[in-house]
Amino acid sequence: MKPWPSARMQPIIPELSTESTNFVKLDVIDQTILHRKRLDRQLRCQSRRFLSFKDCCAWVQSQGMWSSQQEWEEWVNLGEELCPYIPTRPDEYYSSTGQWKGWQYFLCGTEGAEDDPSV
């Protein structure tokens, strides 16, 4: 797989410097890694059709299996009975849509908990 068809399409990435902005050409391996990471992120967040935040919370709360973020993450790591319509990282996904209300709300329905970013 050739990530950049021609040399003129190769990205030039600025190095972080306080003195001046220098540009570094990426080699093919770095370009491939960068390209794959961008695709992974895009696929992780955009390719799935998850339930709305309200419906997702209702499903999670109806299961009654989790009371903390740690319990949720342990369950996700087991990989059993994962629902394709529920994000494994709901905080990440629903924060990006501006709907996240914290783990206590997500898992238990607790309004205005201390982990609610809008409080």
Side-chain angles (χ1 to χ4, degrees):
M1 182 173 131
K2 197 172 179 183
W4 306 104
S6 69
R8 69 175 190 266
M9 293 181 70
Q10 292 183 357
I12 297 175
I13 308 297
E15 286 184 353
L16 297 176
S17 171
T18 56
E19 309 213 354
S20 67
T21 302
N22 299 319
F23 291 92
V24 176
K25 262 192 163 178
L26 297 176
D27 65 11
V28 174
I29 294 172
D30 289 337
Q31 292 172 7
T32 303
I33 291 169
L34 182 61
H35 185 69
R36 285 185 180 168
K37 287 186 182 240
R38 286 179 179 156
L39 286 175
D40 286 345
R41 183 167 188 259
Q42 182 181 14
L43 286 171
R44 188 175 65 234
C45 293
Q46 294 177 2
S47 68
R48 294 187 177 180
R49 291 196 157 255
F50 294 124
L51 293 174
S52 68
F53 181 68
K54 179 182 172 184
D55 292 339
C56 184
C57 290
W59 182 85
V60 168
Q61 294 163 17
S62 72
Q63 301 302 305
M65 295 172 54
W66 314 277
S67 60
S68 69
Q69 178 182 358
Q70 182 179 357
E71 289 178 0
W72 173 268
E73 290 172 352
E74 288 172 2
W75 177 76
V76 166
N77 289 334
L78 291 174
E80 297 177 16
E81 301 177 30
L82 293 176
C83 177
Y85 304 107
I86 307 294
T88 55
R89 292 294 314 269
D91 54 336
E92 196 176 282
Y93 178 76
Y94 292 114
S95 289
S96 72
T97 64
Q99 299 174 316
W100 184 248
K101 294 183 180 181
W103 283 100
Q104 286 302 307
Y105 181 84
F106 180 72
L107 299 171
C108 307
T110 307
E111 295 271 354
E114 61 184 51
D115 67 343
D116 186 343
S118 63
V119 174

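As the structure is a computational prediction, the values presented were derived from the model and not from experiment. The chain is numbered in sequence order, starting from 1. In what follows, every heavy atom counts, from backbone to side chain, and hydrogens, waters and symmetry copies are set aside.
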### Query
Quick one: CH2 on Trp59 to SG on Cys83, what's the gap to the nearest 0.5 Å?
5.5 Å
### Message
If I compare all heavy atoms of Glu71 with all of Met65, which pair ends up nearest, and what's the gap?
### Response
OE1-O, 3.9 Å
### Query
With a 3.5 Å cut-off and no angle check, do the side chains of Glu92 and Ser96 form a donor-acceptor pair?
no
### Any side-chain donor near an acceptor of the partner, Ser68 and Gln70, under 3.5 Å
no
### Query
So do Thr110 and Tyr105 actually touch side chain to side chain, heavy atoms under 4.5 Å?
no
### Message
Would you say that Val60 contacts Trp72 through its side chain, given a criterion of any heavy-atom pair below 4.5 Å between the two side chains?
### Response
yes
### Query
So, Phe53 versus Tyr94, ring centres under 6.0 angstrom or not?
yes
### Query
Should side-chain heavy atoms under 4.5 Å link Ile, Leu, Val, Met, Phe, Trp and Tyr, which residues sit in the same cluster as Ile29?
Ile33
### Query
Nearest heavy-atom pair of Cys56 and Pro87: which atoms, and what distance?
SG-CD, 4.1 Å
### Query
Roughly how far apart are Leu51 CG and Tyr85 OH, rounded to 0.5 Å?
8.5 Å
### Task
Provide the closest heavy-atom pair for Trp103 versus Pro90 in the form atom of the first, atom of the second, distance.
CH2-CG, 3.6 Å
### Summary
In this structure, CZ of Arg36 is separated from CD of Gln31 (nearest 0.5 Å) by 12.5 Å
### Message
Rounded at 0.5 Å granularity, tell me how far CZ in Arg89 sits from CD in Glu73.
### Response
6.0 Å
### Message
Using the ring centroid of each side chain, check whether Trp66 and Phe106 are separated by less than 6.0 Å.
### Response
no
### Message
If I take atom CD from residue Glu111 and atom NZ from residue Lys101, how far apart are they, to the nearest 0.5 angstrom?
### Response
5.5 Å
### Query
Can you name the side chain to side chain contact (heavy atoms under 4.5 Å, CB included) partners of Gln61, sequence neighbours left out?
Cys57
